[in-house]
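One structure is given below, encoded as structure tokens.
Treat the numbers as computed from the prediction; the structure is a model and nothing was measured. Just so it is clear: chains get the letters A, B, ... in the order the sequence lines come, proteins before strands, and each one is counted from 1.
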Number of protein chains: 2
Amino acid sequence: MNRVDESPRPSETHDIDGMASDLRMATFRLARRLRAQRAVDTMSDGQFAVLAALTMHGSHTLGQLADRERVTAPSMNRTVSLLEDAGYVSRTPDGDDRRKVTIALTPEGAAVVEETVRRRDAWLVEALGEFTDDERRTLAAAAAIMRKVAER
Amino acid sequence: MNRVDESPRPSETHDIDGMASDLRMATFRLARRLRAQRAVDTMSDGQFAVLAALTMHGSHTLGQLADRERVTAPSMNRTVSLLEDAGYVSRTPDGDDRRKVTIALTPEGAAVVEETVRRRDAWLVEALGEFTDDERRTLAAAAAIMRKVAER
DNA sequence: TATTGTTATACTCTATAACTATA
DNA sequence: TATAGTTATAGAGTATAACAATA
């Protein structure tokens, strides 16, 4: 058994049910807190998530965006329309299959992503400053694991 | 951006900006994934959060619930009304200060909490089963720290 | 007057159903 | 016929402003 800190209690590591509850509550709570920090912006989470997806994974069709964000096509259509009206994304009909529409980030959209990330992280960076190096190391390691869990 | 994986060096723990971004993204992603598991239910996150608060912290006035969930009083009033209509909470005028209303969980509400938690955690428990003891220990430790961060 | 809760109103996000255009 | 996207419509969640009851 690989021990990472001074006194891990083995029995607790087998209480996966309790740990899952703790992790679920902590995740929801932190997500809510982080989300609240967007108060300075006018952009919703859903809109920002689309811009972030376009930033990370390039252009998408409407259907691809809807699948990625796990919303229906009409919901995504509405979100994309709002982003288009704001000048943050462009719609371009696909050359091969003219039923499809390619949604791409505009330079203005890219700038908004950068600025929003900066603002959102500011609060978290300040909060993390009050924790210990060990605690921050734990969070960094956990973040990588959480991503793997979410990708399941 | 693969930074702190198996052997974090002290210098890296000072890259708080990058770590904050990682943690923010991982938290949002896991929260979204967990939230999607509620598909079997008809209850929204907001309604469930109220039932969970009543379960964990006992009865509240409307204002206390609004403060705890960080929404306005009219928003909480609406949520509580829906829960009351569904039979999951009760409203009782306060004996001492008759402006106040005590909101309490009904037995039906308590049953809904239990069942919802069970369903939500089922997915997470299964997911966690595919990780190592070390990884689960890291997540357990991180959950506690995340709660502290969120309470800031 | 101040506080607690509620009602009125409006806007966003989401969904299902129906429709259009294209394959 | 099937698929990609859009439009129509409705319900839930949130907010601000205005109101009622009580302290």
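Cluster membership check: Val125(A) shares its hydrophobic cluster with Met19(B), using side-chain heavy-atom separations under 4.5 Å among Ile, Leu, Val, Met, Phe, Trp and Tyr. The hydrophobic clustering, which links ILVMFWY residues whose side-chain heavy atoms are closer than 4.5 Å, places Met43(B) and Met76(B) together.
Residue Gly63(B) is classed as a sugar-phosphate contact, given heavy-atom separations below 4.0 Å to backbone atoms only.
Glu135(A) places a side-chain N or O within 3.5 Å of a backbone atom of Thr132(A) that can act as its donor or acceptor partner. Under a 3.5 Å cut-off, the side chain of Thr55(A) and the backbone N or O of Leu51(A) do form a donor-acceptor pair. The backbone N or O of Gly87(A) lies less than 3.5 Å from a partner atom in the side chain of Thr106(A), making a donor-acceptor pair. When atom types are taken as modelled, the side chain of Glu126(B) and the backbone of Trp123(B) share no donor-acceptor pair closer than 3.5 angstrom. Between the Gln64(B) side chain and the Thr61(B) main chain, a donor and an acceptor come within less than 3.5 Å of each other.
Shown for residues 72-90 of chain B: residues whose heavy atoms fall under 4.0 angstrom of DNA chain C, namely Ala73(B), Pro74(B), Asn77(B).
For the pair Ser44(A) and dC13(C), the criterion of a side-chain N or O lying under 4.0 Å from OP1 or OP2 is met. Phosphate proximity of dT6(D) to Arg91(A): present, with a side-chain N or O under 4.0 Å from OP1 or OP2. Put simply, Gln47(B) has a side-chain N or O that comes within less than 4.0 Å of OP1 or OP2 on dG13(D). The side chain of Gln64(B) contributes no N or O atom lying less than 4.0 Å from OP1 or OP2 of dT4(C).
The distance between atom CE of Met43(A) and atom C1' of dC11(C), rounded to the nearest whole Å, is 17 Å. At whole-Å resolution of the value, NE2 in His60(A) and P in dA4(D) are 15 Å apart. The distance from atom CD1 of Ile103(B) to atom P of dT4(C) is 13 Å, rounded to the nearest whole Å. Regarding Glu69(B), its CD atom lies at a distance of 9 Å from the P atom of dT14(D), rounded to whole Å. Atoms CG (Leu62(B)) and P (dT3(C)) sit 17 Å apart, rounded to a whole Å. Asp94(A) has its CG atom 17 Å from the P atom of dT3(D), to the nearest Å.
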- Item | side chain to side chain contact (heavy atoms under 4.5 Å, CB included) assessment of Asp15(B) paired with Asp17(B) | CA-CA 5 Å; Asp15(B) 177 16; Asp17(B) 284 15; 4.1 Å; yes
Between the protein and nucleotides 21-23 of chain C, which nitrogen or oxygen pairs come in under 3.5 angstrom?
unit_1: dT22(C); atom_1: OP1; unit_2: Arg98(A); atom_2: NH2; d: 3.4
unit_1: dA23(C); atom_1: OP1; unit_2: Arg98(A); atom_2: N; d: 3.1

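More than 12 non-hydrogen atoms from other residues, nucleotides or ligands lie less than 6.0 angstrom from CD of Glu108(B).
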